[in-house]
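See below for the structure under consideration.
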Amino acid sequence: MLDMKLVRTQTEYVKERLATRGVAATTIDDLIAHDTKRREAIQETEKLKALRNEVSERIAVAKRNKEDASAVIAEMQTVGTKIKELDAVVAESEEAMHAIASHLPNMPKEGIPVGPDEAANIEIRKVGQIRQFDFTPKPHWEIGEQLGILDFERGAKVAGARFLYYVGQGARLERAIYNFMLDEHQKEGYKEMLTPYMVNYDSMYGTGQYPKFEDDAYRVGTNEDMTLIPTAEVPLTNYYRDEVIPDEKLPVYFTAVSPSFRQEAGSAGRDTRGLIRLHQFNKVEMVKYVKPETSYDELEKMTTNAENILQKLALPYHVINLSTGDMGFSAAKTYDLEVWMPSQDVYREISSVSNTEAFQARRAHIQYRDADGKLQFVHTLNGSGLAVGRTVAAILENCQNADGTVDVPAVLQPYFGAAKITKEA
RNA sequence: GGAGACAUGGCAGAGUGGUAAUGCAACGGACUCGAAAUCCGUCGAACCCGUGUUGAGCGGGCGCGCAGGUUCAAAUCCUGUUGUCUCCUCCA
């Protein structure tokens with residue numbers, strides 16, 4: 001949610017920033033028109049309410065003195081009706097404002113690349129050696145199926161397309177990876193959490209998924225209010241919804257592993273094979289609540305925390321700064337980490353680290369008291385550290401051998417219990 | 001899933017149609033070399049509107065879990081809803 005005061009006072013600036021995300025200037029004009037109407041109605045209705053309060057007191061006194069007040073009461077009936085009408089205008093205006101404002105994305109931070117889509121993204125750095133194969137590297141789904149550790153067919157039979165079973169060493173590898181990631185993040189100061197996997201509407205609203213992206217989520221239950229989480233960012237960031245975080249707790253660092261459920265509406269036909277795009281996948285998430293003045297330092301640190309995992313796994317990757325058109329709804333600035341996938345000769349997204357500034361905090365009412373004792377919105381950050389399924393894919397592809405086996409990265413061997421993945425019995 | 005009780009300020013806790021008690025805490029002041037104690041005073045979250053400013057201040061609205069309704073007037077009456085607790089039921 002944008003700061004309405006900023007929209008009102010710095011209208012041109014807001015229009016300019018949002019234009020880089022495809023928001024028409026007329027949308028902001030509409031928003032302001034409703035706000036103006038709202039404030040005019042408020043001024044009128046509040047005048048009448050002040051009058052009513054004053055007269056009510058006189059009526060009370062008259063009644064106490066057993067005097068007749070019926071004339072004044074009759075007069076106030078009209079006032080009451082008028083107040084109701086004006087309050088309705090206020091409510092309508094607020095509804096209209098909310099309908100617009102709740103769909104407006106965050107303003108991108110100044111200085112990030114401007115462009116309509118991923119073509120405008122900028123590579124920040126490239127890390128790790130891309131391995132030269134002396135055989136043709138296979139895609140991870142082939143490796144996984146031939147080893148018998150990934151079963152897409154039965155996933156489709158039992159649940160549907162974009163679901164799978166991990167089998168034996170596959171399941172064990174998945175568990176080894178997220179245990180390793182959680183341990184690393186704990187060392188970096190993140191508190192490990194285990195969250196609800198279903199959340200209510202307010203939580204989805206607080207982090208910015210709702211109302212604009214309701215089609216991407218899975219609704220469950222009869223009241224339609226519960227939603228399967230599309231990322232642990234939702235329960236982790238809503239942990240402090242409608243609260244004032246005590247000063248001594250800040251900054252708050254959380255990490256959690258959870259399944260992520262996504263409809264993938266609109267991506268039909270894309271990444272239909274393998275672990276890249278599923279309706280359910282595991283992800284280790286990091287979330288931070290910080291004071292505004294530190295949030296961009298914290299963004300760099302969180303990115304480093306995600307990179308650390310890839311470095312320890314010896315997977316080559318690059319870091320890109322997302323353009324205004326490619327960023328998520330709530331983000332003011334986002335770094336994506338993309339891991340090298342040898343079978344396709346491309347980098348694929350494996351982590352996304354964002355600073356939403358006060359955008360989510362304003363929606364979810366997450367505050368702290370500054371040095372003057374005034375309430376301020378915190379800044380919230382979130383980042384994957386990392387997507388577990390895609391990490392499995394990257395390991396299978398980057399660490400495959402000509403004989404079809406896969407070497408397990410050294411740091412995972414204590415978790416996995418072996419140095420090599422072999423054909424599942 | 002069934003029955004009942006409860007929901008008021010940072011905390012505790014009165015108030016069943018007519019300006020939201022009181023205590024503790026907090027803040028300011030007095031006393032004191034200083035502090036504690038004591039005394040005096042202030043303070044009812046957040047939010048919104050107007051005026052204005054470094055977002056000082058002033059005036060008003062709103063404000064008793066949330067959303068509606070009745071009324072000149074609602075913490076109070078009515079309806080719905082959410083959460084918590086207790087008992088039963090059920091289960092891991």
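Quick note: numbers below take in every heavy atom, side chains included, and nothing from hydrogens, waters or symmetry partners. Order of the sequence lines fixes the chain letters, A, B, ..., with proteins taken first and strands second; residue numbering starts at 1 for each chain.
Following rounding to the nearest Å, A/Met226 (CE) and B/U82 (C1') show an atom-to-atom distance of 14 Å. Spacing between atom CD1 of A/Ile73 and atom P of B/G18 amounts to 14 Å, rounded to whole angstrom units. In this entry the distance linking NE2 of A/His365 with P of B/C66 reads 14 Å, nearest Å. Look at NZ on A/Lys49: it is 7 Å from P on B/G63, rounded to the nearest Å. Going from atom CG of A/Leu48 over to atom P of B/A73 covers 12 Å, rounded to whole Å. Atom CZ in A/Arg58 sits roughly 16 Å away from atom P in B/U19 (whole-Å rounding). Atom CG in A/Asp242 sits roughly 13 Å away from atom C1' in B/C47 (whole-Å rounding). Rounded to an integer number of Å, the gap from CZ of A/Arg52 to C1' of B/G60 is 14 Å.
Close placement of the A/Phe359 and A/Phe329 rings is indicated, their centers lying within 6.0 Å of each other.
Less than 4.0 Å separates RNA chain B from at least one heavy atom of each of the following residues of residues 32-39 of chain A: A/Arg38, A/Arg39. Residues from residues 76-104 of chain A lying near RNA chain B, meaning a heavy-atom separation below 4.0 Å, are A/Met76, A/Gln77, A/Lys84 in numerical order.
Residues A/Glu54 and A/Arg369 both approach RNA chain B. Their nearest nucleotides, taken by heavy-atom distance, put A/Arg369 toward the 5′ side.
Residue A/Glu44 is classed as having no contact, given no heavy-atom separation below 4.0 Å to the nucleic acid.
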request  = Any chance you could lay out the side chain to side chain contact (heavy atoms under 4.5 Å, CB included) test for A/Glu424 and A/Leu147, step after step, and finish with the verdict?
outcome  = CA-CA 6 Å; A/Glu424 187 69 26; A/Leu147 286 171; 5.9 Å; no

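Within the structure, side-chain hydrogen bond (donor to acceptor under 3.5 Å, both in side chains) pairs that include any residue of residues 101-115 of chain A comprise A/Tyr13-A/Glu110 (at least two apart or interchain). Residue pairs meeting the salt bridge (Lys or Arg N to Asp or Glu O under 4.0 Å) criterion with at least one member in residues 257-267 of chain A, sequence neighbours excluded, are A/Glu264-A/Arg277.
Put simply, the side chain of A/Arg219 reaches to within 4.5 Å of the side chain of A/Glu214, judged on heavy atoms.
Under the 30°/60° scheme for interplanar angles, the aromatic rings of A/Tyr210 and A/Tyr201 are found to be tilted. Using bins of under 30°, 30° to 60° and over 60° for the plane-to-plane angle, the ring pair A/Phe163/A/His279 lands in the tilted bin.
Expressed to the nearest 0.5 Å, how far OG1 of A/Thr45 lies from NZ of A/Lys84 amounts to 11.5 Å.
Residue A/Ile59 has its side chain nearest to B/G18 when only B/G18, B/G50, B/U19 are considered. Residue A/Leu375 places its side chain closer to B/A46 than to any other of B/A46, B/G61, B/U19.
Between A/Asn53 and the phosphate of B/C62, there is a side-chain N or O to OP1/OP2 separation shorter than 4.0 Å. Between A/Arg362 and B/A46, a side-chain N or O to OP1/OP2 separation shorter than 4.0 Å is absent.
Checked against ring-ring contact (aromatic ring centres under 6.0 Å, His included), A/His98 has the following partners two or more places apart in sequence or in another chain: A/Tyr205.
With P as the reference atom, B/C6 and B/A25 are 31 Å apart, rounded to whole Å. Annotation: B/U19 and B/A75 have their C1' atoms spaced 14 Å apart (nearest Å). Straight-line distance between the P atoms of B/A3 and B/A45: roughly 38 Å, to the nearest whole Å. To the nearest whole angstrom, the two C1' atoms, one in B/A46 and one in B/G61, are 14 Å apart.
With respect to A/Arg162 and A/Asp271, no salt bridge is recorded, no charged nitrogen being found less than 4.0 Å from a carboxylate O. A/Glu46 and A/Lys49 are not joined by a salt bridge, as no carboxylate oxygen comes within less than 4.0 angstrom of a charged side-chain nitrogen. Salt-bridge formation is detected for the pair A/Arg58/A/Glu54: a Lys NZ or Arg NE/NH1/NH2 atom is positioned less than 4.0 Å from an Asp or Glu carboxylate oxygen.
Cation-pi geometry between A/Lys288 and A/Tyr253 is met: under 6.0 angstrom from the ring centre, within 45 degrees of the axis.
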ask   = In dot-bracket form, how is RNA chain B paired, counting a Watson-Crick or G-U wobble pair only if both its distances are under 3.5 Å and using | for bases paired to another strand?
value = ((((((((.[[[..)..(...]]].(((((.......)))))....(((((.....)))))...[[[[[..)....]]]]])))))))....

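In the interface, the side chain of A/Glu46 is paired with the base of B/G60 through a donor and an acceptor atom under 3.5 Å apart.
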